[in-house]
Asks: 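Structure provided below as structure tokens; questions to follow.
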Amino acid sequence: MAGAAQHAHWSSRWAFIMAAVGSAVGLGNIWKFPYEAGQGGGGAFVMVYLLFVFFIGTPMLVAELSLGRRGQLSPIGSMKKIAQEEKRSPLWGLIGWSGVVGAFIVISFYSVVGGWTLAYMVKSAMGAFSNIDAQTAQDTFVSYISNPVMTLVSHFAFMGITIFIVAKGVQGGLEKAVTYLMPALFAILLVLVVYSGFTGDFAKTVDFLFNPDFDELLYKANSPEAIAAGGATKVFSLDMVLQALGQSFFSLSLALGSIMTYGSYLTRDVNVGRSALTIAAADSSVALMAGLAIFPIVFAYGLDVAEGGGLVFMSLPIAFGQMPFGIVVGTLFFGLLAVAAITSSISLLEPPVSYVEEKTGWNRRKVAITMGVAAGVLGVLSAYSQGDNMLSSISIFGLSIMDAKDFLTNNIIMPLGGLFTALFVGWFVSRKAMMEELAMEDKTFRIWYFLARFVSPTAIGIIFIKIIYDTVVG
Ligand code: PHE
């Protein structure tokens with residue numbers, strides 16, 4: 001237990017909030033949320049997503065932060081320790097395991113997309129977007145992700161930066177960087193929202209994002225063959241609801257050990273409940289702003305809202321190519337997006353690193369390099385599964401390697417991790433211990449306890465049972 005001896009702590013509450021917001025705000029908000037909202041039919045997806053963020057995600061933030069703070073170890077170590085203190089089965093340690101393994105899988109593809117942002121920052125600086133039309137924007141993206149050399153270089157560049165910061169220890173540079181860079185990202189997003197709003201189709205965007213059409217969310221056509229034959233009927237499906245649940249967890253950095261690890265650096269005087277609300281509010285605002293910046297352009301140029309993972313990279317460059325100072329704004333945007341991605345990726349590498357450190361007693365640098373390079377190598381499979389790249393023909397249940405890893409973590413590991421965390425804090429840790437740990441006002445505690453004990457497990461449980469039923473019976 002080498003790493004546990006002098007467990008580090010945040011230098012202030014503000015530093016912790018910024019690091020946690022840095023972890024939460026990332027590619028999930030700006031890259032993933034808009035394209036998933038696009039695929040999920042818009043407003044209804046957004047509404048369900050926000051409900052999940054505040055009624056399930058935020059209570060889970062509270063749960064994970066408090067478990068981490070109580071355990072003061074890696075997620076695996078903390079879960080085992082708390083289970084033991086509460087005289088429960090050591091199997092609860094599996095929550096820690098699924099987080100650590102999940103984080104390892106996620107960072108392997110997160111870094112690929114992080115690499116895209118670096119490449120796009122360079123492209124923008126070189127003036128590659130000036131006056132491009134929608135078709136060229138699309139071709140530029142596809143030819144980039146299909147290039148085995150460029151994608152490899154950008155992926156490892158991104159992973160290299162992540163390893164470098166994690167190896168140095170999170171506090172020093174990171175705390176300072178996030179304090180300035182996160183507000184800067186916020187400001188530039190605001191500029192983009194205003195610009196897109198004036199030049200693109202803002203009315204349609206507002207309607208799309210905030211006017212829920214639940215049919216789009218809850219029904220899907222029964223089969224591709226039936227659609228092709230013109231005889232499609234719609235069937236009730238919770239697939240997109242599960243997607244929204246997974247996305248709410250992903251965006252809040254839940255169920256992958258990141259928040260639990262950051263919680264372990266917390267001191268006792270920080271108010272966990274208030275911090276969780278701040279994190280959730282900041283995270284959701286950035287996601288909504290990203291939607292407001294991207295969709296006006298998508299609609300104005302007739303791009304496909306259900307385009308998928310290329311949406312941001314195909315839409316925004318068109319705007320950068322036309323606006324005054326577009327080179328500067330575009331370069332800044334992708335640069336800050338890269339920064340937002342890095343403050344998230346370090347929190348993804350942190351759980352596996354803290355565990356291996358704890359287990360082996362190796363120094364942090366060695367662990368960070370080993371785990372980072374291993375995840376980087378696994379990530380090559382994702383990088384090469386895109387566009388017409390070398391592994392693009394491989395399909396796992398109809399998904400590319402990258403989308404399959406995303407599906408496994410977003411739709412299985414994260415919701416299940418959340419479910420068991422909720423069950424653990426709601427039913428297996430004594431109420432008194434939770435109350436002492438959280439030190440909340442009585443009323444706030446009761447609301448939290450109700451959400452964690454009943455609402456979260458029931459909601460996640462229903463979604464899962466319906467989907468398993470569909471898969472087995474349907
Ligand atoms: N929350 C990050 C994002 O939205 C991703 C992330 C997930 C980071 C899980 C840590 C843990 O981009």
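Note that ligands are numbered from 1 as they come in the structure, with each ligand's atoms numbered from 1 the same way.
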Asks: For the residue pair Trp116 and Tyr144, categorise the inter-ring angle as parallel (less than 30°), tilted (30 to 60°) or perpendicular (more than 60°).
Replies: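 Trp116 and Tyr144: perpendicular rings.
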Asks: Is it true that Phe407 and Phe397 have ring centroids separated by less than 6.0 Å?
Replies: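 No: the rings miss the under 6.0 Å criterion.
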Asks: Just by modelled atom types, is the Ile342 backbone N or O under 3.5 Å from a matching donor or acceptor in the Ser345 side chain?
Replies: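 Yes: the side chain of Ser345 pairs with the backbone of Ile342.
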Asks: Between Glu64 and Arg69 (salt bridge meaning N to carboxylate O under 4.0 Å), is one present in this structure?
Replies: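 Judged by the 4.0 Å cut-off on N to carboxylate O distance, Glu64 and Arg69 do not form a salt bridge.
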Asks: So which residues, sorted by chain and number, lie with a heavy atom under 4.0 Å of ligand 1?
Replies: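 Correct list: Ser23, Ala24, Gly26, Leu27, Gly28, Asn29, Tyr110, Phe250, Ser251, Ser253, Leu256, Ser258, Ser344, Ser347, Leu348.
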Asks: Taking atom CZ as the centre, does Phe16 end up with more than 12 heavy-atom neighbours from other residues, nucleotides or ligands that are less than 6.0 angstrom away?
Replies: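 Correct, the count exceeds 12.
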Asks: Sort and list the pairs that fulfil ring pair (Phe, Tyr, Trp, His ring centres under 6.0 Å) and have at least one residue in residues 51-70, not counting sequence neighbours.
Replies: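 Matches after skipping sequence neighbours: none remain.
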